[in-house]
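For reference, the structure discussed in these notes is given below.
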Amino acid sequence: MNDIICLVDGNNMFASCELAFRPDLIGKPVVVLSSNDACCIARSYEAKALGIKMAQPYFEVRHFEKTHGLIAFSANFTLYTDISSRIVSILEGFTPHVAPYSIDESFCRFPPLTGMDLLKLGNDIRSTILTQTGIGTGVGISTTKTLAKLANNAAKKFPKTGGVVDLVTDEKRRERLLAVMEINEVWGIGKALNKKLRAMGIITALDLAKFGESAANSQFSVTLARTVSELNGIPALPWEDDIELNDQIIATRSFGEKIFDKETVIASLSYHVSRAVKKLRLQNAVAHSITIHIRTNANSKIDKQYSNSYTCRSSTPINDVVTFTKMAKAGLDEIWRDGFPYAKSGITLNEIESKNHLQEDLFASDDNHDEKKNDMQSVIESINTRYGLGAANVGSAKSGGNWQPKSENRSPNYTTSWADIPTIKAD
DNA sequence: TCTGGGGTCCTAGGACCC
DNA sequence: TCTGGGGTCCTAGGACCC
């Protein structure tokens with residue numbers, strides 16, 4: 001028998017996090033905005049009812065502020081990440097096998113115990129999370145990740161399910177569900193595949209399951225073949241129990257306004273480097289290369305367009321801000337062009353590996369630079385820990401600049417900052 | 001006027017080798 | 001005049017995800 005796999009995900013996660021601390025806004029249309037207050041990246045039920053789409057530019061829906069009392073929050077990822085890790089801890093109370101998939105969803109694995117009441121399990125998970133964090137969730141239960149995702153979609157789509165869909169206990173339910181879900185609702189089917197498959201008459205998830213693994217493999221790709229296999233109840237995706245290293249770490253931001261001068265772009269890159277390296281060091285890892293990217297606003301019809309990237313590689317693995325910042329500046333020298341209205345910059349750390357598995361480089365120069373760099377690194381880190389990321393930076397990098405994105409309505413860090421702990425008034 | 005940020009995996013094709 | 005076949009490795013870019 002196969003293991004039982006549950007997918008638990010937070011409903012309207014970011015909007016729910018805001019509402020958990022602002023119960024006065026429950027029942028109102030609420031959206032959470034991306035960096036630069038640009039797009040809607042989470043919507044309360046009432047905001048969805050207004051027809052606001054995922055990732056819709058805010059300027060297109062701002063008029064609802066006046067007509068329908070729409071409330072917009074700037075994204076507060078510190079808050080959402082903290083709530084997310086609390087939810088993961090709760091799930092770990094149900095099973096040791098929890099694999100967080102994104103900030104708002106986790107897979108949970110259970111051994112195939114016969115006689116376990118899976119519907120009750122799902123409901124217990126939901127009510128525990130709701131009581132302890134205030135976040136509503138949906139639970140999909142099956143024997144493969146893809147089916148658990150589909151069950152979870154169904155739990156959202158059909159309110160009658162009460163937020164839990166179990167495809168294990170009643171075998172026939174799987175086929176009935178596959179017949180009513182269309183392929184674009186299947187995990188792994190995006191725009192391109194949706195179009196091609198529909199042209200072949202494959203419309204429902206059941207059609208896709210019946211298409212067969214080998215046909216999917218020969219006519220499309222191994223990726224689609226795995227999806228087909230999983231829809232048929234045969235696990236084809238690995239279970240990640242361990243916390244793995246990232247393959248790459250990306251840090252990027254759009255600017256708050258158009259930027260023409262190189263110094264300001266350097267300042268932004270330096271900030272991105274310090275964020276990414278902080279993450280790298282938290283994983284006790286090192287990277288071998290850094291890619292920098294700069295670009296103008298691709299959506300603009302009037303701006304002169306330019307976009308480029310450059311990768312700098314080091315013969316020895318690195319995890320210090322000083323060296324990466326130098327490399328980023330050198331990379332920028334390679335691709336910088338004067339006269340363009342830059343809209344965005346970013347960096348990617350590549351070829352990441354654990355520091356523990358490192359082999360000594362026989363040809364590395366044997367001097368004391370590493371120690372000095374590490375001292376410098378610790379000083380920068382302690383300043384940033386105390387005064388906030390970006391307080392201390394390297395070289396000519398000014399942390400101020402005028403590149404920072406807008407974030408005009410950020411909520412307090414209720415759960416991670418003593419100064420922001422909510423107070424309760426008792427009248 | 002105003003269109004996000006952070007990831008993973010796969011594939012095709014070029015460079016290179018014998 | 002005639003110009004192979006098989007393999008590996010690497011990288012850029014596509015597709016997909018939340």
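Below, chains carry the letters A, B, ... as their sequence lines are ordered, and counting in each starts from 1.
With rounding to whole Å, A:F14 atom CZ is found 10 Å from B:dG5 atom C1'. Protein atom CD of A:Q248 is 12 Å distant from nucleotide atom P of C:dA12, rounded to whole Å. Computed from coordinates, the A:N217 CG to B:dC10 P distance equals 12 Å when rounded to whole Å. The nearest whole Å value for the distance from the CD1 atom in A:I250 to the C1' atom in C:dC17 is 13 Å. Look at OH on A:Y58: it is 12 Å from C1' on B:dC2, rounded to the nearest Å. Distance CG (A:D37) to C1' (B:dT1): 15 Å, rounded to an integer number of Å. The distance from atom NZ of A:K53 to atom P of C:dC18 is 17 Å, rounded to the nearest whole Å. As a whole-Å value, the separation of A:E185 CD from C:dC18 P is 12 Å.
As judged by a 4.0 angstrom heavy-atom cut-off over every strand, A:D104 is placed among residues touching the sugar-phosphate backbone only. A:V186 comes within contact range of the sugar-phosphate backbone alone, with a heavy-atom separation under 4.0 Å but no base atom that close. In this structure, A:R253 reaches the sugar-phosphate backbone alone: every heavy-atom distance under 4.0 Å involves primed, P, OP1 or OP2 atoms, never a base. No contact: A:A75 has no heavy atom under 4.0 Å from any strand. At the heavy-atom level, A:I189 lies under 4.0 Å from the strands shown only through sugar-phosphate atoms. Looking at heavy-atom distances under 4.0 Å, A:I103 makes no contact with the nucleic acid at all.
With rounding to the nearest 0.5 angstrom, the CZ atom of A:F14 is 11.5 Å from the CD1 atom of A:I83.
In this model, the phosphate group of B:dC2 is not approached by any side-chain N or O of A:N36 to a distance below 4.0 Å at OP1 or OP2. For the pair A:S102 and B:dG6, the criterion of a side-chain N or O lying under 4.0 Å from OP1 or OP2 is not met. Note on A:N246: a side-chain N or O is less than 4.0 Å away from OP1 or OP2 of B:dT8. Between A:R275 and B:dG5 there is no side-chain polar atom (N or O) within less than 4.0 angstrom of OP1 or OP2. Between A:S35 and B:dG5 there is a side-chain polar atom (N or O) within less than 4.0 angstrom of OP1 or OP2. In this structure, A:K344 reaches the B:dG5 phosphate: one of its side-chain N or O atoms is under 4.0 Å from OP1 or OP2. The side chain of A:K191 places no N or O atom within less than 4.0 Å of a non-bridging phosphate oxygen (OP1 or OP2) of C:dG14.
Heavy-atom contacts from other residues, nucleotides or ligands closer than 6.0 Å to NZ of A:K262 number more than 12.
A:D9 and A:N152 share a donor-acceptor pair across their side chains, judged by distance under 3.5 Å alone. In this structure, a donor-acceptor pair under 3.5 Å is present between the side chains of A:Y58 and A:E65.
The side chain of A:S254 lies closest to B:dG4, out of B:dG4, C:dA15, B:dC10. When distances are taken from the side chain of A:C39 to each of C:dC18, B:dC9, B:dT3, the shortest belongs to B:dT3. Distances from the side chain of A:V222 to the nucleotides C:dC16, B:dT8, B:dC10 place B:dC10 closest. Side-chain proximity of A:W187 to C:dC18, B:dG4, B:dG6: nearest is C:dC18. You'll find that the side chain of A:T252 is closest to B:dG5, out of B:dT3, B:dG5, C:dC17.
A gap of 15 Å separates the C1' atoms of C:dC17 and B:dG4, to the nearest Å.
The pair A:D3-A:R109 meets the salt-bridge criterion, with a side-chain N (NZ, NE, NH1 or NH2) lying under 4.0 Å from an Asp/Glu carboxylate O.
A cation-pi arrangement, defined by a distance under 6.0 Å to the six-membered ring centre and an angle within 45 degrees of its axis, is absent between A:R253 and A:W403.
Under the 30°/60° scheme for interplanar angles, the aromatic rings of A:F340 and A:Y306 are found to lie parallel.
Heavy-atom nearest nucleotides on DNA chain B were determined for A:D247 and for A:M54, and the one closer to the 5' end corresponds to A:M54.
Pairing partner, B:dC18: C:dG5, with both Watson-Crick or wobble hydrogen-bond distances short of 3.5 Å.
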